Structures are given as C-alpha cells and as structure tokens.
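Here the structure is a predicted model, which is why all the values come from computation and not from measurement. Heavy atoms only: backbone and side chains are in, while hydrogens, waters and symmetry mates are out. One is the number of the first residue; the rest follow in order along the sequence.
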Amino acid sequence: MTTPSSSVVQPEVLSENKMTIQSFLHESYAQVSQQVQDSISFFKDELRGMYKQAETCFTNMILPVNNFLKDHTQIETEFMEKAVNAPKRTETSNIVPIEIALLSPMEENY
C-alpha cells in the first residue's frame, strides 16, 4: 500500500513560484498584445500606402482618357455648330467621286 505522499515543496516556495509564474504570464501577454497591435498598425499603414499608390497610378492612366474625351466632345460640339451654319446641299449640287478628288491638286501641310 502506498501512503499518501506529502508535498516536498514547502508552502512558502509554492506560493513564490505561483507569483513568479503569474508575473511571467502577465508580462508575456502584455508583450504579445503589444506585438499584435504593432503588426496590425504596420499592416494598416502598408495597405494605406498601397491604396494611395494605386490611386495615383489609376489617376495617371485615366487623365489622358478624360482629356481625350473632353477634346472629342469639344470638337464634336464645334462641328455641330458649324454644320448648323454651313450651306445646305441642294439637289442640283454635284458630288465629286473620291477617285477624282484624290487626283486633283491638294494643299500640303507641313
């Protein structure tokens, strides 16, 4: 038969060990918590930087397209204004075929 064994660790030592372990766990938790906060903050900053860079690239790609569309709209508006003021084609006016028009002398622009 075995006899109930008594603890070889004295109560004072056991209490001191508990306090040391609790202190260690508390410090470890605080360090991990701080590291997680720093990591999340770093991740947010990186995402924010990537977003700004993507926004800049997108703006640089879209700006010429917007300018082209504005220019195209302005040219179309000018053509429409001139078309209203242009003389109307009548039934008696002659339309020159493209083959003949290309053979005629043309103005050269340099």
Side-chain angles (χ1 to χ4, degrees):
M1 271 191 127
T2 58
T3 59
S5 64
S6 62
S7 175
V8 282
V9 180
Q10 296 175 356
E12 300 85 32
V13 174
L14 186 61
S15 174
E16 186 178 317
N17 284 344
K18 284 182 184 179
M19 293 300 288
T20 304
I21 291 172
Q22 280 182 337
S23 172
F24 172 76
L25 290 176
H26 181 69
E27 288 176 15
S28 296
Y29 176 78
Q31 288 175 353
V32 167
S33 176
Q34 185 62 40
Q35 288 175 354
V36 168
Q37 287 176 357
D38 291 345
S39 298
I40 290 173
S41 177
F42 177 78
F43 186 65
K44 280 176 33 182
D45 291 343
E46 287 296 313
L47 283 179
R48 194 173 293 132
M50 288 181 352
Y51 177 78
K52 282 190 175 249
Q53 188 174 10
E55 180 182 21
T56 302
C57 289
F58 186 70
T59 300
N60 290 340
M61 289 181 346
I62 287 298
L63 190 61
V65 174
N66 276 349
N67 289 342
F68 172 76
L69 293 175
K70 287 178 186 176
D71 291 344
H72 185 269
T73 304
Q74 183 179 0
I75 290 169
E76 188 177 6
T77 304
E78 289 175 6
F79 277 142
M80 295 304 271
E81 288 172 358
K82 288 184 180 183
V84 170
N85 298 333
K88 303 291 182 213
R89 182 168 120 28
T90 61
E91 295 293 323
T92 59
S93 63
N94 295 330
I95 297 177
V96 179
I98 189 72
E99 294 82 14
I100 297 171
L102 289 175
L103 293 175
S104 63
M106 296 184 192
E107 180 181 337
E108 294 183 19
N109 294 323
Y110 294 100

Across all chains, not counting sequence neighbours, the side-chain contact (heavy atoms from CB on, under 4.5 Å) partners of Pro97 are Glu99, Ile100
Return all side-chain donor-acceptor pairs below 3.5 angstrom for residues 67-78, not counting sequence neighbours, or 'none' if the list is empty.
from	atom 1	to	atom 2	distance (Å)
Thr73	OG1	Leu69	O	2.8
Thr77	OG1	Thr73	O	2.8

With sequence neighbours left out, the residues meeting side-chain contact (heavy atoms from CB on, under 4.5 Å) with Gln31 are none
Please set out all donor-acceptor pairs under 3.5 angstrom arising from side-chain atoms of residues 44-57, sequence neighbours excluded.
from	atom 1	to	atom 2	distance (Å)
Asp45	OD1	Arg48	NH1	3.3
Thr56	OG1	Lys52	O	2.9

Besides Leu63, the hydrophobic cluster formed by Ile, Leu, Val, Met, Phe, Trp and Tyr side chains linked at under 4.5 Å, directly or via other members, contains none
- Message: Has Ser23 got a side-chain atom pairing as donor or acceptor with Met19's backbone, closer than 3.5 angstrom?
- Response: no
Apart from Phe24 itself, its cluster of hydrophobic side chains linked below 4.5 Å comprises Ile21, Leu25
Here the salt bridge (Lys or Arg N to Asp or Glu O under 4.0 Å) pairs for residues 17-39, sequence neighbours left out, are none
Rounded to the nearest 0.5 angstrom, the CD1-OG1 distance for Ile62 and Thr59 is 8.5 Å
Students should find that the hydrophobic cluster of Ile40, defined by side-chain heavy atoms under 4.5 Å apart, otherwise consists of Val32, Val36
